[in-house]
A.B. asks: 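Pasting a structure below so you can have a look.
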2 protein chains.
Amino acid sequence: MQRGTAQRRAILQALREAPGPLTAQELHELARADAEGLGLATVYRNLNELEREGRVVEVRLPGDARRYEPAGRGHHHHFRCVRCDTVFELELGCPLSMLEDVTLPGGLHVTGHELVLFGVCDACGGSASATRRDSVSGSA
Amino acid sequence: MQRGTAQRRAILQALREAPGPLTAQELHELARADAEGLGLATVYRNLNELEREGRVVEVRLPGDARRYEPAGRGHHHHFRCVRCDTVFELELGCPLSMLEDVTLPGGLHVTGHELVLFGVCDACGGSASATRRDSVSGSA
DNA sequence: ACCGTATCGAGAACGCGTTCTCATATCGCC
DNA sequence: GGCGATATGAGAACGCGTTCTCGATACGGT
């Protein structure tokens, strides 16, 4: 019956503050900062629960475990840094709105799409800066 | 060193004839038609070998096992039927050439992308989970 | 045709993400 | 504050894709 536990709050908090969707593992590490001793099973349990409640949505990227982000952020895509594997949510408008409800040659009826950009994030130094940010540090 | 076995030929043949990239499992079933008794381990072994030789390339789609397609087909994307899970290779030109080598706000330097379209293929018709109907309900 | 060796098939084993189990801790209503 | 119900943590267990093991098979140079 849906209780307000410190763990659940920490999990939602971490999801909201993240630059993009997180895996259960990442969430486990991040939310530990607020909920000491947080167990991985608890993370999974809460993610499933929150998804059923419609408060978070699952995001699947190629060759990667399930990721989750807060629900209600509308249509958008993601960027994955090939160095640190961090996934970022993109704010850009989607350049593929023409793919909403079309039928391609061959009878393929398109109803949705998924776009992922790959590259190097700022922290990993796109070309010059070697700024090294710890994506999993406990800085509140 | 590289022998010409019936199994290997059957595997390459199946990959060439497929409408899109195949998983090891799919390949196992398809190539069995030409190579009776083909083992799954053999499929994996050959895929890895063929990839090292540069004759096939790996394709990763969200929430799915590794897929493979013949190398040298140039830049293209894929379509996955949400009913039968078949993956098709798209012939369309890529509408995202502007994403070749740009830096997005936030310092995200884009070097590549991956686009997957979802929908219903011709064989599966377009009628069941319908929020919209496309009349192609035909035989199935 | 022969022989040495790469390949094969079947099944065990592995890796890893995810779920289950169960005893313990916690929440929140009375 | 007490109590029953729910959530938690640790680790075992699971599912599934992939790789390894090993005795048997078959390719291909001679």
Side-chain angles (χ1 to χ4, degrees), chain A residues 1-15 18 20-53 55-69 80 85-87 136, chain B residues 1-15 18 20-53 55-69 78 80 85-87:
Chain A
M1 230 43 345
Q2 196 52 312
R3 268 181 198 174
T5 68
Q7 291 86 345
R8 164 173 289 238
R9 265 176 260 119
I11 288 170
L12 269 171
Q13 178 75 358
L15 279 175
L22 301 174
T23 63
Q25 297 284 352
E26 290 169 349
L27 203 38
H28 184 213
E29 293 169 25
L30 287 168
R32 254 171 196 278
D34 292 318
E36 197 175 350
L38 176 65
L40 183 54
T42 299
V43 174
Y44 278 106
R45 267 189 303 249
N46 275 285
L47 283 174
N48 288 336
E49 178 72 12
L50 290 167
E51 190 184 16
R52 281 204 301 103
E53 295 168 22
R55 306 185 58 179
V56 306
V57 295
E58 181 186 324
V59 174
R60 304 241 36 177
L61 302 190
D64 201 10
R66 286 184 237 270
R67 289 173 178 274
Y68 294 88
E69 64 185 13
R80 169 152 63 209
D85 277 329
T86 304
V87 174
V136 183
Chain B
M1 43 171 277
Q2 203 49 313
R3 263 182 202 174
T5 69
Q7 291 87 344
R8 163 173 291 238
R9 265 176 259 120
I11 287 170
L12 268 170
Q13 177 76 356
L15 279 174
L22 301 174
T23 63
Q25 297 284 353
E26 291 168 348
L27 203 38
H28 184 213
E29 292 168 25
L30 286 169
R32 256 172 194 278
D34 293 317
E36 198 175 348
L38 177 65
L40 183 55
T42 300
V43 174
Y44 278 106
R45 266 189 303 248
N46 275 286
L47 283 174
N48 288 337
E49 179 71 15
L50 289 166
E51 190 185 15
R52 282 203 301 103
E53 295 168 20
R55 305 184 58 178
V56 305
V57 295
E58 182 186 322
V59 174
R60 304 243 34 178
L61 301 189
D64 200 12
R66 286 184 237 270
R67 290 174 178 274
Y68 293 87
E69 65 185 14
H78 301 92
R80 170 151 64 208
D85 277 331
T86 304
V87 175

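Within every chain, numbering begins at 1; the chains are lettered A, B, ... in the order of the sequence lines, protein sequences first and strands thereafter. Reckoned from all heavy atoms, side chains included, excluding hydrogens, waters and symmetry mates. Note that the structure is predicted; figures quoted are calculated from it, not measured.
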A.B. asks: Quiz question: going by heavy-atom distance under 3.5 Å, is there a donor-acceptor pair between the base of C:dA6 and the side chain of B:R3?
C.D. replies: yes
A.B. asks: Hey, is B:E29 close enough to B:R32 for a salt bridge, meaning N to O under 4.0 Å?
C.D. replies: no
A.B. asks: Among D:dT6, D:dT8, C:dG9, which is the nearest nucleotide to the side chain of A:T5?
C.D. replies: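 So the side chain of A:T5 is nearest to D:dT8.
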A.B. asks: A quick test of your reading: do over 12 heavy atoms of other residues, nucleotides or ligands sit less than 6.0 Å from CD of B:E36?
C.D. replies: no
A.B. asks: For the base of D:dT18, is there a side-chain donor-acceptor partner from B:R66 under 3.5 Å away?
C.D. replies: no
A.B. asks: Please examine the side chains of B:H28 and B:T42, heavy atoms only from C-beta on, and report whether any two atoms are closer than 4.5 Å.
C.D. replies: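 A side-chain contact under 4.5 Å is absent here.
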A.B. asks: Would you mind telling me which of D:dG9, D:dT19, D:dC20 lies closest to the side-chain atoms of B:N48?
C.D. replies: D:dT19
A.B. asks: Between atom CD in A:Q7 and atom C1' in D:dT6, what is the gap in whole Å?
C.D. replies: 12 Å
A.B. asks: Would you please confirm or rule out a distance under 4.0 Å between OP1 or OP2 of C:dG9 and any side-chain N or O of B:T42?
C.D. replies: yes
A.B. asks: Return whichever of A:A6 or B:T23 has its heavy-atom-nearest nucleotide of DNA chain D closer to the 5' end.
C.D. replies: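 The residue whose closest nucleotide sits nearer the 5' end is A:A6.
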A.B. asks: Taking the minimum atom-to-atom distance to the side chain of A:L38, which one of C:dG4, C:dC8, D:dG9 wins?
C.D. replies: D:dG9
A.B. asks: By the 4.0 Å heavy-atom rule, please label B:A65 as base, sugar-phosphate, or nothing.
C.D. replies: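 If one applies the 4.0 Å heavy-atom cut-off, B:A65 turns out to touch the sugar-phosphate alone, with no base involved.
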A.B. asks: How many Å lie between CG on A:L61 and C1' on C:dG17, as a whole number?
C.D. replies: 15 Å
A.B. asks: Classify the side chain of A:R45 and the base of C:dT19 as holding, or not holding, a donor-acceptor pair under 3.5 Å.
C.D. replies: no
A.B. asks: Please compare B:E36 and A:Y44 by the position of their nearest nucleotide in DNA chain C and report the one closer to 5'.
C.D. replies: B:E36
A.B. asks: Which nucleotide wins on minimum distance to the side chain of B:Q25, given the candidates C:dC8, C:dG17, D:dT18?
C.D. replies: D:dT18
A.B. asks: Among B:L47, B:L30, B:N46, find the residue that satisfies the side-chain contact (heavy atoms from CB on, under 4.5 Å) test when tested with B:L15.
C.D. replies: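 Per the side-chain contact (heavy atoms from CB on, under 4.5 Å) rule, the option paired with B:L15 is B:L47, out of B:L47, B:L30, B:N46.
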